Structure formats: structure tokens, C-alpha cells
> 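Here it is: the structure, laid out below.
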Amino acid sequence: MTADCFAENLLKWYDQHGRHDLPWHHNRTAYRVWVSEIMLQQTQVATVIPYYQAFMVRFPDVQSLAEAPTDDVLSHWSGLGYYARARNLQKAARTVMEDFGGTFPAAQEELETLTGIGRSTAAAIVAQAYNKRAAILDGNVKRVLARYHAVPGWPGQASVQKQLWVHAEAHTPNERVRDYTQGIMDLGALVCTRTRPACEDCPLKKGCTAYARGEATLYPGSKPKKTKPEKTTWMVILEDRDGRILLERRPPSGIWGGLWSLPELDPAYGADELQDACERSLGVDCTEPELIDGFRHTFSHYHLHIQPARLNVTRQNTVKDDAHQKWLHRHEALALGLPAPIRTLLTSPEQVSLL
DNA sequence: AATACGTGGCA
DNA sequence: TTGCCAAGTAT
């Protein structure tokens, strides 16, 4: 334990002010902790909670997750984002069943071999589920440590991250690792916040270098700003006489991988070429295409200009697939992996159909 | 090492 | 309206 009582002060604060009643705090099995950690990657607690609850009802253990249809897993993830997490989650569940005899590995080293589990997530599972010593370094911890030690630079930079890992390891105590781990995340989320940190309420202010300098908000260093690339694409709204809209399954990797969306066409096509392109690449027979408004959707790394076009389909080779149909109806437009502006164009689940 | 991967909240 | 970013990992 370091002489400045970092962990002790943090634990004392955690007992009084920390979060002790989140859904994954109850019945803390490795499986439940694992699912929560994956959902919480780059995603805020408030967003995760309802997804976590529903997920646990449908997939209460590793076996049920491993045996489920992937569509079922994806649909429970739909709206949460970063869908590779869901695909990796199930892949890892199947690995646990096949290679680990259905028992979740308890060693950080072994956990890291499972896809979707990196160093920090493996450590979080070890600490949360088994109360075994392991250092985590998520966004909250990075912020706390960057301020406490006045570590300059942007944590996305490998050299900066490396220093933060050293500090994370050094502060992690041998006792009460579970509470410590939850506590330092809670501190980052509730006190040592990105903007307007509540330094006066912080149990670590005494040893905090940035606080001593009155420079808490200068840390961690901000991401170097780059001009976001702009991308343009076509999302085609194909509607038949019954008002049903065509969807297609997206490739397993890439944006909205494995989900259903409006057909996406090569942006190189001009508006005048859309009809031909649809008939050729989607195998449908369209009448006059009519361009709807284009709009822009912003992702974290680029601006996506989406140019939806409406086309009337005169002939539709509908392949009935009850399982998929049911899936779409149950989860409505949210399940489609569409950016919000397009969702509004889908009037009701009953109008959604597959080709 | 740098980039791709979502969504919603907030200043 | 726009930019930033939140319990990161895979490639």
C-alpha cells in the first residue's frame, strides 16, 4: 500500500458514497459480471441498465447464450451500438462451453484469450467476480489517475496509456479489490467528472497533483482534433403496394454488422442510376424512383451524408422467413440498425417485410 | 500506430 | 446545430 493511503481513502469514500445497487452487483457470477462489463464498454450506466435486465432474462447463463440463435443475441443488443460486442460475446460463450467445459475461466490471462475481452475487461471480471487482485484502466480510472499524477498527454496515445497502467497497478490494493475497483470507477463517474469535477468532495484531493495546481480540468489531455471525413451513401426505401418496406441483412462486419437495414447502395451511383442499380443488385422490379430528402448523420469519426431514395416496387419475390419476420416485429424499427432519422420513415412494424 | 465501431446526453 | 465523449477491443 502506498504511503499516501490512496486505496484506503478511496474505500472509505466508496462505503459512504459509492454505487452499491446496480443490477450486476447482485448475484455476482463471472457470467453476469462479464456481460455487464461488455455492455458498459464505451456506454454509460443509465443506457446499459434496461438492456442488461432484458438480456439476463433471455440469457441467464453461458449455456443459454451459447445455444441461442445469433439473431436473438443481436436483437437484444439492438439500439445499444457497437454490435461487434454482441457477436464477440456469443462467440466467447461458445468457446467457454466448448473449450472450458462450460466453466468461466478465473485467470485474467485466460479471460483475455476470449474475443471481446481485453486487458481492462479481464481485470474487471477478475476483481468483481472473484475479488482477486487485478488493475483496471477504463475511462474513469484514466481520468482520476491522469489528474492525481498530472500525467500530460492524451490517454489514447500508447505512451500515455502505458504510464497510466503503471499508476493503476501501483494503487490497486491487495484487500477489498472488488470494492476498490468499483470505487475508483464511481469516483470518476460521480466526483472526478470530465467537466466541473467536484474536487472539494474528493477523498483523494490531498494527494492530487492537478488539484494542488488548480488544474484538474487540464487532465487528461484532449484528443488531437482532426477534421472528420465525410462519407456519402444511399439508403434506399423500397416500398411495395402494401406499403411494406424492403430490408436486407448487412454483412457480418462493418457498420451495423449482422443487423437488418434499408438496402445500401454504392454512393457512386447518381440519382438517375438508382433504379437500374436497385433492379440489378437487389433483383427487384421498380417503377419511377423518387428522391426524398437527404440528411447528415454524425458518427464519432465521420459525417455520414445519407441520401435516401424512395422507389416503388411493382413485383416482389417475397421469401417467407417466419423467424426473421417475428424478430423484426418484436423489436420494431429500433432493431433495424438504422440511424435515427431513417427510423421515422418506417411507419409500423407491420409494414416491414423481407424480400 | 491509427482507425473502425453506435448511440445518446450535454454544453 | 455542432462537437465531444462514455465501464475498450479488434484489426
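Quick caveat, the model's predicted, so the values are computed rather than measured. All chains are named by letter (A, B, ...) in the order of the sequence lines, taking the proteins before the strands, and each is independently numbered beginning at 1.
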> Quick one: list whatever passes ring pair (Phe, Tyr, Trp, His ring centres under 6.0 Å) with Trp24(A), sequence neighbours left out.
Tyr52(A)
> Which residues pass the ring pair (Phe, Tyr, Trp, His ring centres under 6.0 Å) test with His25(A), not counting sequence neighbours?
none
> Which side-chain N or O atoms in residues 220-232 of chain A pair as donor and acceptor under 3.5 Å with protein atoms at least two apart or in another chain?
from	atom 1	to	atom 2	distance (Å)
Glu230(A)	OE1	His305(A)	NE2	2.9

> So what does Val45(A) touch, heavy atoms closer than 4.0 Å: a base, only the sugar-phosphate, or nothing?
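Val45(A): base contact, heavy atoms under 4.0 Å.
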> Please determine if a side-chain N or O atom of Thr43(A) lies less than 4.0 Å away from the OP1 or OP2 oxygen of dG8(B).
no
> So which pairs with a foot in residues 120-132 of chain A pass side chain to side chain donor-acceptor pair (under 3.5 Å), sequence neighbours left out?
Arg28(A)-Gln128(A), Gln41(A)-Thr121(A)
> Specify the residues of residues 34-42 of chain A, ordered by number, for which at least one heavy atom lies under 4.0 angstrom from an atom of DNA chain C.
Glu37(A), Leu40(A), Gln41(A), Gln42(A)
> Do Arg19(A) and dA7(C) have a side chain to base donor-acceptor pair shorter than 3.5 Å?
yes
> For Phe104(A), give me all partners under ring pair (Phe, Tyr, Trp, His ring centres under 6.0 Å), at least two apart in sequence or on another chain.
Trp34(A)
> Can you tell me how the ring of His149(A) sits relative to the ring of His167(A), calling it parallel under 30°, perpendicular over 60° and tilted otherwise?
parallel
> Taking salt bridge (Lys or Arg N to Asp or Glu O under 4.0 Å) as the test, write out the residues that go with Arg213(A), two or more places apart.
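Applying salt bridge (Lys or Arg N to Asp or Glu O under 4.0 Å) to Arg213(A) gives none.
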> Using the test ring pair (Phe, Tyr, Trp, His ring centres under 6.0 Å), find all partners of Phe100(A) that sit at least two apart in sequence or belong to another chain.
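Partners of Phe100(A) by the ring pair (Phe, Tyr, Trp, His ring centres under 6.0 Å) criterion come out as none, since no residue qualifies.
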> Name the atoms and distances for all side-chain donor-acceptor pairs under 3.5 Å in residues 196-204 of chain A, with sequence neighbours left out.
from	atom 1	to	atom 2	distance (Å)
Glu200(A)	OE1	Lys205(A)	NZ	3.4
Glu200(A)	OE1	Tyr211(A)	OH	3.4
Glu200(A)	OE2	Tyr211(A)	OH	2.8

> What residues, two or more places apart in sequence or in another chain, satisfy side chain to side chain contact (heavy atoms under 4.5 Å, CB included) together with Pro69(A)?
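With neighbours one apart ignored, the set is Arg58(A), Asp72(A).
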> Can you list, by residue number, the residues of residues 151-165 of chain A that have a non-hydrogen atom closer than 4.0 angstrom to DNA chain C?
none
> So if I take residues 125-137 of chain A and measure heavy-atom distances to DNA chain C, which residues fall below 4.0 Å?
none
